[in-house]
Amino acid sequence: MKHDSAMKRDIAIFILLLLLGVGTLVYPYIQRRLFDNRTQITIAEFEKRIDAYKLTHQQRMLNSGDSNDIPPEEDPRFWLNTVKLFLAFMNHRLYEENQAHLVDPFRYIHPCFNIQPFGLDTDIVGILSIPAIDINLPIYLGTSFQHLNSGVAHLTHSSFPVGGNNTNAVIAGHRNLQHGRVFRDIEQLEIGDEITIANFINTMTYVVVETKIAGPHEIEALTIQSGRDLVTLVTTHTRRRGNQRYIIVAERVG
């Protein structure tokens, strides 16, 4: 009897250890799947909200008899175009002030601009897509812990991602595996790879033109370059010490 009891106990311990081992292997995969599902739901809700705004505008123009079949994206009367123009003005002022307050991409928890008073009930300013590394993520305003755990984040005191001459929109993201793909595979990006940003008005296309490694205080790697329309992706460099950053620079082509 004692032998049977000991054997049953050993079998139970073995099964328990086996389950723990399998759980340890499967848990990160499940967590990444849940993250991917959440981000895609968030993106779908954002796109649905923008489409609803556009339909409401078109219906209002139709009811007023003032419609001339201009797409909302091109209609200066559409209020989201006003928001875009304001962000473009903010970008121009940022350039003129030489980004005086820019210090470090992970220092700014709070955004310098709140988009909600303009009628956008969201912290999302666009969608980042990079086919080469299979990511499609919401872009949040401000690099708070919550935002970086929910997608990627626009760096405060860099250009807003609405495009335009003399702009450089800096977008930060995690590389930790528990946060889904995010920038985990960023080092696989090569010169010429395509990056798109869809904001609430239009979709902009960029191609990778440079990859680099920089220290946490080498801010020139993140600054606006005169005459260029850039997007810069920044994350921690997992294989380097001293909090170095891995940086991807992309330039607009469409």
Side-chain angles (χ1 to χ4, degrees), residues 50 72-120 122-128 138-144 147-148 151-173 195-235 245-254:
I50 299 303
E73 296 86 351
E74 301 173 10
D75 192 339
R77 298 165 297 182
F78 183 38
W79 63 278
L80 283 183
N81 277 313
T82 303
V83 179
K84 181 182 176 183
L85 286 173
F86 180 78
L87 293 181
F89 165 77
M90 295 280 283
N91 284 347
H92 175 72
R93 189 172 74 174
L94 193 68
Y95 173 69
E96 292 295 321
E97 294 175 351
N98 199 30
Q99 295 177 280
H101 302 289
L102 182 63
V103 178
D104 184 270
F106 292 96
R107 178 174 178 177
Y108 303 105
I109 295 176
H110 302 292
C112 62
F113 173 75
N114 185 359
I115 204 169
Q116 295 184 12
F118 286 85
L120 286 166
T122 180
D123 292 328
I124 299 173
V125 73
I127 308 299
L128 174 72
I139 305 170
Y140 292 89
L141 288 172
T143 56
S144 67
H147 288 169
L148 287 171
V152 292
H154 166 259
L155 170 63
T156 302
H157 303 307
S158 77
S159 307
F160 292 99
V162 294
N165 207 30
N166 304 323
T167 62
N168 185 7
V170 181
I171 299 173
I195 295 172
T196 64
I197 292 180
N199 55 44
F200 39 77
I201 286 295
N202 62 324
T203 298
M204 304 169 293
T205 303
Y206 296 77
V207 295
V208 176
V209 295
E210 186 179 3
T211 65
K212 63 178 79 173
I213 298 168
H217 302 296
E218 294 180 48
I219 301 304
E220 64 277 3
L222 309 177
T223 55
I224 296 168
Q225 299 182 31
S226 296
R228 304 181 75 182
D229 183 342
L230 302 174
V231 164
T232 298
L233 311 181
V234 58
T235 188
R245 314 298 191 199
Y246 193 83
I247 294 171
I248 297 286
V249 180
E251 189 156 15
R252 189 171 178 183
V253 294

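Remember, it's a predicted structure, so these values are computed and weren't measured experimentally.
Aromatic pair His154/Phe160: ring centres closer than 6.0 Å.
With a 4.5 Å cut-off on side-chain heavy atoms, Pro161 and Asn199 do not count as touching. Residues Thr211 and Val249 form no side-chain contact, since every pair of their non-hydrogen atoms from C-beta on lies 4.5 Å or further apart. When side chains are defined from C-beta on, Thr196 does not count as touching Tyr206, because their heavy atoms never get closer than 4.5 Å. Side chains of Ile127 and Ile197 form no contact here, defined as non-hydrogen atoms less than 4.5 Å apart. Contact check for Asn202 versus Lys84: side-chain heavy atoms found under the 4.5 Å cut-off. Counting heavy atoms from C-beta on, the side chains of Arg245 and Val234 come closer than 4.5 Å. Residues Val231 and Ile171 are in side-chain contact: their nearest non-hydrogen atoms beyond the backbone lie under 4.5 Å apart. At least one side-chain heavy atom of Tyr246 sits under 4.5 Å from a side-chain heavy atom of Ile213.
Listed for the Glu210 side chain is no donor-acceptor partner under 3.5 Å among the backbone atoms of Ala250. Not a single donor-acceptor pair under 3.5 Å links the side chain of His147 to the backbone N or O of Ala153. Not one N or O on the side chain of Glu251 forms a donor-acceptor pair closer than 3.5 Å with the backbone of Val209. Between the Arg252 side chain and the Gly254 main chain, a donor and an acceptor come within less than 3.5 Å of each other. The closest donor-acceptor contact from the side chain of Thr232 to the backbone of Leu222 lies at 3.5 Å or more, if one exists at all.
Taking CG of Asp229 as the reference point, atom OG of Ser159 lies at 8.5 Å (rounded to 0.5 Å). Here the straight-line distance linking atom CG of Leu155 with atom CG of Leu233 works out to 12.0 Å at 0.5 Å rounding. Distance check, rounded to the nearest 0.5 Å: CG of Leu230 to CD1 of Ile248 gives 13.0 Å. Between atom OH of residue Tyr95 and atom CG of residue Asn166 there is a gap of 4.0 Å, rounded to the nearest 0.5 Å. To the nearest 0.5 Å, atom CD1 of residue Ile247 and atom NZ of residue Lys212 are 6.0 Å apart. For the atom pair OG of Ser226 and CG of Asn168, the computed distance is 11.5 Å after rounding to the nearest 0.5 Å.
Shortest non-hydrogen contact noted between Asn81 and Pro76 is ND2-N, 4.4 Å.
Partner Pro138 forms a side chain to side chain contact (heavy atoms under 4.5 Å, CB included) with one of Val152, Asp123, Ile124 and no other, that one being Ile124.
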